[in-house]
Number of protein chains: 2
Amino acid sequence: MTQRKVISFDTIRVACKNCSLSQLCLPMGLSPEDVERLDAIIKRSRPLHRGDHLFRGGERFRSLYVVKTGSVKTYAPSEEGGEQVLGFHLPGEIIGLDAIDKSCHACSAKVLETSAICEVPFQRFEELAASIPSLQHQMYRLLSKEIGQDADMLLLLGKKNAEERLAAFLTSMSSRLSRRGLSPTDFYLSMSRHEIGSYLGLAVETVSRLFTRFQEDGLLRVDRKHVEVLDLPALEMMAGSPPSNTHQQRSN
Amino acid sequence: MTQRKVISFDTIRVACKNCSLSQLCLPMGLSPEDVERLDAIIKRSRPLHRGDHLFRGGERFRSLYVVKTGSVKTYAPSEEGGEQVLGFHLPGEIIGLDAIDKSCHACSAKVLETSAICEVPFQRFEELAASIPSLQHQMYRLLSKEIGQDADMLLLLGKKNAEERLAAFLTSMSSRLSRRGLSPTDFYLSMSRHEIGSYLGLAVETVSRLFTRFQEDGLLRVDRKHVEVLDLPALEMMAGSPPSNTHQQRSN
DNA sequence: ATTGACGCTTGATGCATGTCAATCTGAGTT
DNA sequence: AACTCAGATTGACATGCATCAAGCGTCAAT
């Protein structure tokens, strides 16, 4: 009994200071003592499973959530059954930032595969941030980054065609996964073709055809959810301007 | 000489506490003393004119900007001359939030008509916010609100057709203007058809045809930049779910 | 193994919207 | 007033992608 308790405690509770994501997450740039203080307010639940909700649209906002392992999608139930996917969230990414304003969730968040999630009670976090300037700054940066990424997405949906959209989606997945230490060219997609289409503003059929075409063109090897990127530079080129941060272009 | 100086001082310098936008802007919910402290760090320049830039993509980020009167567009120069309009900013709205993350502006901001703008040096603001909890909270809310609005825009670009997009644009302008005390049904658009199209992900010609059609259908009266909304409810209906916050729909 | 359900793929067709081109309008400018 | 020029409108046409429809692989339950 005592034995099991110790084991499960070790398994579930990974302190921020030992978390492999701390360089991507809230603790970035904090002193060890401040990380301890942050750590103390974070709740860690048992792993969640495919289909579980972190929250649903309309619920009161209490916490932010950080993906530790696995993946989550956020979506807005649109009129009549259909749902618009708003984003996919990989380890190290924060969910719920849009709900601070109204203290109420406008969208829902559902886990796509077995995932470990950290819960950050927002009110306590806000109090803590007020006394740790670098944490406050980090929080501003995270909110700002989200806004910047949304702007990229607006550009994608406003100006790019189907091919460019899927290429951008794949290169984005690639770079986000590699930043977390995973292969940038060999990965599993945890979301369905339908969800990818919804996210990119395309029909399922279009997504499917493009996967086929990319494979025919030697850019990818695809089997179901498994993707091997064979020609990443070509995909980045196709995706448009921001391939990664490898080459800046000077504006004059 | 002394006379002129006094006059221009009165004209340009409108303290936050006397600003008609204070209920929409940063001072919201602050005590009079705290408003004074905020007021002390804000820079107010002479009016800017059509075509002037607040900042350009690539420049170092130093300040946020708040539109006091007039209007501003933000845009990203896309490859080869074309520009993607990212947003239009009306009085009370804050510009530059996306640049906090990288301390560098990713987009440019250009004023569309003669405008008065408040400049908020961000570093000093951040220091101030650390010592005024309600200001810090207000800042989180503003950042969060921006993220929520971007999500609405993603939904618009991802799922809506041309008619719904223009209807959403017009109802958004209407509600934002009316919240600032202007008529919700009679206003001037400071941006060109081309800029509207870029913002909505549509060709200029499509925008123009829709204006014509809306007028034929008795929804609007349009003359050049002057718009009179004749049937606001119909436009809101056409725009999709969020007409305004007048009627909530219960989710079950 | 059989069944059914679901997600994915592939083909055929139509439409909304982009593109190209011509004309029109209004605001300056000389 | 005549000229100029950018923006706006309108029409004709082309096409990318959605839609509809059918078939196929995969997995879970029985």
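In the text below, chain A, chain B and the rest are named by the order of the sequence lines, each starting its count at 1. Worth saying up front: this structure is predicted, and the values here are computed from it rather than measured.
- B/F211 places its CZ atom 11 Å from the C1' atom of D/dA8, with the value rounded to the nearest Å.
- Remark: C1' of D/dA8 and CE of B/M191 are 16 Å apart, rounded to the nearest angstrom.
- When the C1' atom of C/dA16 is taken as reference, atom NZ of B/K159 falls 16 Å away, rounded to whole Å.
- Partners of A/E113 under the side-chain hydrogen bond (donor to acceptor under 3.5 Å, both in side chains) rule, at least two apart in sequence or in another chain, are A/S71.
- The interatomic distance linking A/L189 (CG) with C/dG7 (P) rounds to 16 Å, in whole Å.
- Between A/S208 and C/dT10, a side-chain N or O to OP1/OP2 separation shorter than 4.0 Å is absent.
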Donor-acceptor contacts, no H, no angles, side chain residues 180-188 of chain A, under 3.5 Å, sequence neighbours left out:
residue : atom : partner : partner atom : Å
A/R180  : NE   : A/P91   : O            : 2.1
A/R180  : NH1  : A/R176  : O            : 2.6
A/R180  : NH2  : A/P91   : O            : 3.2
A/S183  : OG   : A/T185  : N            : 3.1
A/S183  : OG   : A/T185  : OG1          : 3.4
A/S183  : OG   : A/D186  : N            : 3.0
A/D186  : OD1  : A/H226  : NE2          : 2.8

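- Every residue meeting the salt bridge (charged side-chain N to carboxylate O under 4.0 Å, His left out) condition with B/R221, not counting sequence neighbours, appears here in chain and number order: B/E228.
- Atom CZ in B/R50 sits about 11 Å away from atom C1' in D/dG7, given to the nearest Å.
- In terms of the side-chain contact (heavy atoms from CB on, under 4.5 Å) criterion, B/S208 has no residue partners (sequence neighbours excluded).
- Residues satisfying the ring pair (Phe, Tyr, Trp, His ring centres under 6.0 Å) criterion with B/F214, sequence neighbours excluded, are absent altogether.
- Applying the salt bridge (charged side-chain N to carboxylate O under 4.0 Å, His left out) rule to A/E163 yields the partners A/R213; only residues at least two apart in sequence or on another chain are considered.
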(request) Any chance you could list the contact pattern along nucleotides 12-25 of chain D? Use B for base contacts, S for sugar-phosphate-only contacts and - for none, protein heavy atoms under 4.0 Å, 5' to 3'. (result) B----SSBBB----
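- Between B/A162 and B/L202, the closest heavy-atom pair is CB-CD2, 3.8 Å.
- Straight-line distance from the NE2 atom of B/H226 to the C1' atom of D/dG7: 19 Å, rounded to whole Å.
- Relative ring orientation between A/H105 and A/F61 is described as perpendicular, the plane-to-plane angle rising above 60° on a 0-90° scale split at 30° and 60°.
- Legend: salt bridge (charged side-chain N to carboxylate O under 4.0 Å, His left out) pairs involving residues 194-205 of chain B, not counting sequence neighbours, sorted by first then second residue: B/K73-B/E195.
- Taking atom CG of B/L210 as the reference point, atom C1' of C/dG18 lies 13 Å away to the nearest angstrom.
- Put simply, CG on B/L200 is 15 Å from C1' on C/dG18, counting in whole angstrom units.
- The C1' atoms of five pairs define one axis at each end of the helix from C/dA1-D/dT30 to C/dT30-D/dA1, and these two axes lie 40° apart (to 10°).
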